[in-house]
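As the structure lists them, so they are numbered: ligands from 1, and atoms in each ligand from 1.
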Amino acid sequence: MTSMLSSETAEPADEGRYDRLVRADKVHGSLYTDPAIFAEELQKIWFKTWVFVGHESEVPQPNDYVRKRLATQDVVMTRDKDGEVHLLVNRCAHRGLQVCDDAKGNSSSFRCPYHGWTYRNTGELLGYPYNKGYGGKNKLELGMGRVPRVASYRGFVFGSMAADGPSLEEHLGAAAGEIDRLAGLSPEGEVRLDAGWLAHRTRANWKFLAENETDGYHPQFVHGSIFGVTGSPIGALYSDASTAVTRALGGGHSENDLRPEFRTFAEPMRWFGTKPDRVPRYVEAMRQAYGEDAERRMIEGAPHVMIFPNLFIAEIQVFNIQPTAVGECTQYATAVQLAGGEEMNRRMISQSIGSVGPAGMLLADDTEMYERNQRGVSMLDPEWLDVRRGLVREVVDEAGFTTGAATDETGMRGFWKHYKSLMEA
Ligand code: FES
């Protein structure tokens, strides 16, 4: 597959490689299967742009730490004694050993088990045994590796392996407003992601997951069984008659904006499949916190947004997608927790277990599609994947974003446009 480009993909010769592979209405299958393209993605996307790693609430106390991933990199997210969050690359400066083996804990330092070199939780080398072998008391100018740039937005921690580049705020652009929307459902204006992460190893290229997250075409078919069993109204949100829209937010980010549907019903908490009298303490706390605006927040609900390249906020869950190889990635999922919304939090954990847990009924269906997608694109013919759905009817909205119908592939095209700009840079 990797070298079998038809004459259609090889022309015109003056275009860049990714101009040929990513068209306005279709993308080439080799983008999901070619190990050389994956290696290039690591350099041009995963080790360059901002990548979601975790949340500050996972290390709430000084000296807390938790192991995380940044694509192929094993990183340790630490909070130092002064409260600052760091992302250390889990590698000893001596002979490259993995330093930290525990999934999480609390420690001001890490000691490499091989020869006893010890590091502060900022990555700084504290000391090493038998220092005469290194010329005496002057400490070596070495340390654990670090993710050069670490920044957070409302507690969501991102890392960039590039020392320079756009700021996190520039990277997030309009997608930052979607994180604000989520935090705005907390009476205290704060989200926590401290309920624990489920790790789903998926035998598919990471882009299949990213594309699927705001694909409003598939839910009626892939998730029809869960909608039927639970009597869920979610399916109707993604029907041909839905007033919801799919929006490319720029920077490869996209959303399924379900607010038009919920505004039509104007029922608080409908977005969560419940009524105010089932969560009275939460509703009261929201009214206390936001006054008249509480009703709007509780009617419109949480965002459904894919933030390039790997953060997916699906109303009550957050997903963290990390690639491990061209045909494999891990999808980490956790339940959103709202500060001051304990009544909601218990329900969000239960619903998350039911939908994305080990025996959950939602993610298992998606994963079946991802893995069949990967097997399918390994076949040689046809070479292309079609992404034209909605091209004939999408519009630019008043805010300047390209917007399509609920079932259109507008988000995918936004993803690919940004992908191409990074890969051609
Ligand atoms: Fe870590 Fe030697 S490899 S101390």
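Taking the charged nitrogens against the carboxylate oxygens, R270 and E300 have no contact shorter than 4.0 Å, which rules out a salt bridge. The existence of a salt bridge linking R413 and E394 is confirmed by a sub-4.0 Å separation between a basic side-chain nitrogen and an acidic carboxylate oxygen.
Taking a cut-off of under 4.0 Å to the non-hydrogen atoms of Y114, the atoms of ligand 1 that pass are 2 (Fe), 3 (S). Close contacts of ligand 1 with W117, meaning ligand atoms under 4.0 Å from a residue heavy atom, involve 4 (S). Taking every heavy atom of L97 and a limit of under 4.0 angstrom, the matching atoms of ligand 1 come to 3 (S).
Aromatic ring orientation, H94 versus Y134: perpendicular (interplanar angle above 60°, classes split at 30° and 60°).
Residues W50 and R149 are in side-chain contact: their nearest non-hydrogen atoms beyond the backbone lie under 4.5 Å apart.
Under the 6.0 Å distance and 45° angle rule, R389 counts as a cation-pi partner of Y217. Annotation: cation-pi geometry satisfied between K207 and Y32 (NZ/CZ under 6.0 angstrom from ring centroid, within 45° of ring axis).
In H94, the N, O or S atom that comes nearest to atom 2 (Fe) of ligand 1 is ND1. H115 contributes atom ND1 as its closest N/O/S atom to atom 2 (Fe) of ligand 1.
The distance from atom 1 (Fe) of ligand 1 to the nearest N/O/S atom of C112 is under 2.8 Å. Note on C92: not counted as a metal contact of atom 2 (Fe) of ligand 1, no N/O/S atom lying under 2.8 Å.
At the top of the distance list for atom 3 (S) of ligand 1, counting protein heavy atoms only, stands R95 N, 3.4 Å.
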